[in-house]
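Notes follow once the structure below has been shown.
Along the sequence shown, residues carry numbers from 1. The figures here come from the full heavy-atom set of this structure, side chains too, leaving out hydrogens, waters and symmetry mates.
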Amino acid sequence: MAEELLPWLYLFNRGEDTQAYHRFGAHQVAPGQWRFVVWAPHAQAVAIVGDFSAWKPLPLTVVEETGVWQGTFEAAVGQLYKVQITTASGETVEKIDPFAFAFERKPGTAARLVAELDFQWRDRKWLAHRQQSRAYDQPLNIYELHLGSFKRHDDGSYLTYLEAIDEVLPYVKKMGYTHIELMPLMEHLLDASWGYQLMGYYAPTSRFGAPAEFQAFVDAAHRLGLGVIMDWVPGHFIRNTDTLAQFDGTPTFEYQDPHRADNVRWGTWNFDLGKTQVQSFLISSAMFWLQVYHLDGLRVDAVSNMLYMDYDAGKEHDRNQTGGRENLEGIAFLQRLNTEVFAAHPDVLMIAEESSDFPQVSAPVDAGGLGFNYKWNMGWMNDTLRYFSLDPSVRLAHPDLLTFSWVYMHNEQFILPFSHDEVVHGKKSLMHKMPGDRYNQFANLRTMMVWQMTFPGKKLLFMGSEWGQFLEWRDWSQLEWRDLADPLNAAMQQFTATLNKLYRRTPSLWARDHSPAGIQITIGDSNQYLSYIRWDKGQDFIVVALNLMPEERQHFIVPVPRSGTYTVVLNTESYHFGGTWRRLQRTLRTRGVPAGDQPDSVEVVLPAMGALLIEQR
């Protein structure tokens with residue numbers, strides 16, 4: 001067995017094993033026989049303890065000079081185990097298996113033996129479609145979901161992965177989204193961390209069921225035509241001493257330097273991204289979720305923390321060996337990660353949650369970029385939320401909060417996010433951020449969502465925002481589904497579904513997201529009104545007109561690129577959406593008068609704090 005492992009362990013130690021989960025951890029090698037392989041380079045001794053040994057140590061043998069230990073023992077599927085390590089100082093500690101495929105329910109940290117993950121997938125049609133399409137010129141409208149608080153049972157218990165197939169997927173499909181983005185589902189102990197302080201990089205959390213049940217969830221989503229993305233956290237990990245921290249008694253996964261290892265802001269340990277074995281561990285984890293669980297992409301969390309030496313509190317003056325503030329090994333790791341992922345899966349999404357102005361995040365590695373294909377546009381998000389939260393009288397002095405984003409909208413391939421981070425910790429829900437009385441809050445929210453849906457870039461919205469939930473998000477209870485008994489909330493939900501479906505069937509709103517030719521700004525110098533045209537790759541287009549003030553505008557002139565007859569395909573002030581207009585202006589005819597650098601124009605009634613979407617028919 002050791003001879004079989006040696007070539008792979010050589011690659012692992014060089015940082016070149018991108019599927020290390022096939023070798024490490026616990027694998028059934030024959031009926032009732034399990035091989036355990038553990039990386040613990042500075043341990044004096046390593047053993048396995050578990051149900052099958054009455055929790056007495058079963059010693060492993062070191063494999064030559066590789067720092068890896070292995071052994072084969074009798075055990076059964078479902079039994080629990082841990083790794084017992086005798087450190088260089090002689091201390092004996094029990095640790096998790098870093099490569100475990102499943103764990104027991106919290107607060108326990110024992111791994112659970114799982115048979116090989118050979119789920120019978122039925123998503124061939126979805127994967128074939130994914131391989132044949134390019135994300136850049138397809139609609140991408142993501143529903144961000146925290147599975148533990150979307151819905152719960154009456155007794156407060158979680159939905160299972162299997163129950164979520166019926167409770168989550170039909171709803172997301174009905175609402176018109178293209179993808180679900182799951183906040184981290186890898187095993188974690190602290191509910192309040194939302195999954196961002198991880199211990200199990202190869203195990204879906206046992207809170208909601210078994211690994212095969214999560215595979216069934218992804219398979220069902222694909223067969224409904226929904227993609228599945230998951231947040232993935234390669235920058236830092238949980239501090240708990242029985243997990244990855246000081247794994248063999250020395251800094252193993254974290255930096256040797258305690259100052260660099262300590263993540264002050266999040267109370268975690270930073271991975272040593274320059275260590276080759278850590279690179280193999282993390283890149284293999286990314287590959288694992290894409291290959292074994294058929295995920296359609298990973299949203300990589302906290303990329304800024306991996307890009308900068310001085311990102312964390314107390315590290316403001318940290319510099320690299322050349323005197324710069326960049327984390328050189330973090331940059332190299334991200335480039336390597338994306339290179340390996342796209343070499344194996346060129347059709348997946350690698351999305352950076354990156355909050356700085358670091359250049360070329362979504363540019364290819366061979367062009368000097370980090371290699372992601374998308375980056376969250378945090379600047380657009382912050383400016384948009386700040387603008388729409390202002391009283392309209394104050395907005396007059398801040399038109400740049402919207403128009404400045406036009407300057408850099410094509411610097412990266414962007415996703416426009418209204419994520420969970422913006423509706424928690426006292427920030428208020430999206431609806432509660434809006435100024436005015438309840439009616440005006442919904443009017444503002446509808447117009448802001450049109451701004452998001454028609455601005456260049458792909459889309460993301462956090463759960464509950466689609467109907468204007470008033471309470472900010474709470475991870476310990478389900479969404480306020482009772483809100484939907486209120487006519488305004490129900491109308492807001494209908495509006496979101498209508499807007500989502502209009503987006504999906506209108507190539508002008510997504511086919512040229514990343515090209516300057518995809519947008520023409522026709523009224524962009526006003527602090528009260530905006531108008532622009534979105535183009536597809538042919539001659540089709542849609543015209544957007546926004547009124548950012550609470551006064552209706554009669555006889556408003558909207559520039560259009562061609563003469564003829566036009567149709568108002570969406571009016572945010574429709575009675576069906578919670579507005580006051582029962583009789584809608586549907587058909588428009590051009591005036592034969594140029595406007596806004598366009599050869600013709602139409603005259604409309606522009607609703608107060610509202611938006612119109614207009615197409616030529």
Could you verify whether a donor N or O on one side chain and an acceptor N or O on the other, from [X] and [Y], lie under 3.5 Å apart?
{"X": "Glu412", "Y": "Tyr374", "value": "no"}
{"X": "Gln291", "Y": "His345", "value": "yes"}
{"X": "His22", "Y": "Gln19", "value": "yes"}
{"X": "Gln246", "Y": "Thr241", "value": "no"}
{"X": "Thr250", "Y": "His42", "value": "yes"}
{"X": "Ser284", "Y": "Thr18", "value": "no"}
{"X": "Gln138", "Y": "Ser133", "value": "no"}
{"X": "Gln197", "Y": "His236", "value": "no"}
{"X": "Asp242", "Y": "Thr109", "value": "yes"}
{"X": "Ser419", "Y": "Glu144", "value": "no"}
{"X": "Asp231", "Y": "Tyr196", "value": "yes"}
{"X": "His222", "Y": "Asp296", "value": "yes"}
{"X": "Tyr158", "Y": "Gln478", "value": "no"}
{"X": "Trp476", "Y": "Ser149", "value": "no"}
{"X": "Gln215", "Y": "His294", "value": "no"}

**Message:** Does the Lys NZ or Arg CZ of Arg265 fall within the cation-pi geometry relative to Tyr311 - under 6.0 Å from the ring centre and within 45° of the axis?
**Reply:**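 Pair Arg265/Tyr311 counts as cation-pi.
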**Request:** Taking all non-hydrogen atoms of both residues into account, name the closest pair between Thr87 and Gly249 and its distance.
**Result:**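 In this case the closest contact between Thr87 and Gly249 is CG2-CA, 3.6 Å.
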**Message:** How close do Met306 and Asp301 get, counting heavy atoms only, and between which atoms?
**Reply:**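 Shortest heavy-atom separation between Met306 and Asp301 comes out as CE-O, 3.7 Å.
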For residues [X] and [Y], establish whether the separation of their ring centroids is below 6.0 Å.
{"X": "Phe418", "Y": "Phe462", "result": "no"}
{"X": "Trp289", "Y": "Tyr21", "result": "no"}
{"X": "His27", "Y": "Trp34", "result": "no"}
{"X": "Phe281", "Y": "Tyr201", "result": "yes"}
{"X": "Phe99", "Y": "Tyr202", "result": "yes"}

Can you classify the ring geometry of [X] versus [Y] as parallel (below 30°), tilted (30 to 60°) or perpendicular (above 60°)?
{"X": "Phe12", "Y": "Phe24", "value": "tilted"}
{"X": "Trp126", "Y": "His179", "value": "perpendicular"}
{"X": "Trp481", "Y": "Trp467", "value": "tilted"}
{"X": "Tyr293", "Y": "Phe288", "value": "perpendicular"}
{"X": "Tyr161", "Y": "Phe214", "value": "tilted"}

**Item:** Pairwise distance CD(Glu326) to OH(Tyr308) - rounded to 0.5 angstrom
**Value:** 7.0 Å
**Prompt:** Quick one: does Met287's side chain get under 4.5 Å of Glu340's, heavy atoms only?
**Reply:** yes
**Message:** The test is ring pair (Phe, Tyr, Trp, His ring centres under 6.0 Å); show your working for Tyr81 and Phe36 and say whether it passes.
**Reply:** CA-CA 10 Å; Tyr81 71 98; Phe36 298 83; 5.2 Å; yes
**Request:** Evaluate the criterion side-chain contact (heavy atoms from CB on, under 4.5 Å) for residue pair Asn270 and Asn305; output intermediate values, then yes/no.
**Result:** CA-CA 9 Å; Asn270 290 319; Asn305 181 62; 3.4 Å; yes
So, does [X] use its side chain to make a donor-acceptor pair with the main chain of [Y] at under 3.5 Å?
{"X": "Thr276", "Y": "Asn13", "answer": "yes"}
{"X": "Arg239", "Y": "Gly267", "answer": "yes"}
{"X": "Glu104", "Y": "Ala110", "answer": "yes"}
{"X": "Trp473", "Y": "Val423", "answer": "no"}

**Message:** For a side-chain hydrogen bond (donor to acceptor under 3.5 Å, both in side chains) check, start with the C-alpha distance between Glu16 and Tyr10, then their side-chain angles and the critical distance, and finish with the verdict.
**Reply:** CA-CA 9 Å; Glu16 296 174 3; Tyr10 172 78; over 6 Å; no
**Candidate pair Lys95 and Asp248, rule salt bridge (charged side-chain N to carboxylate O under 4.0 Å, His left out), full reasoning** = CA-CA 9 Å; Lys95 294 282 190 174; Asp248 65 4; over 6 Å; no
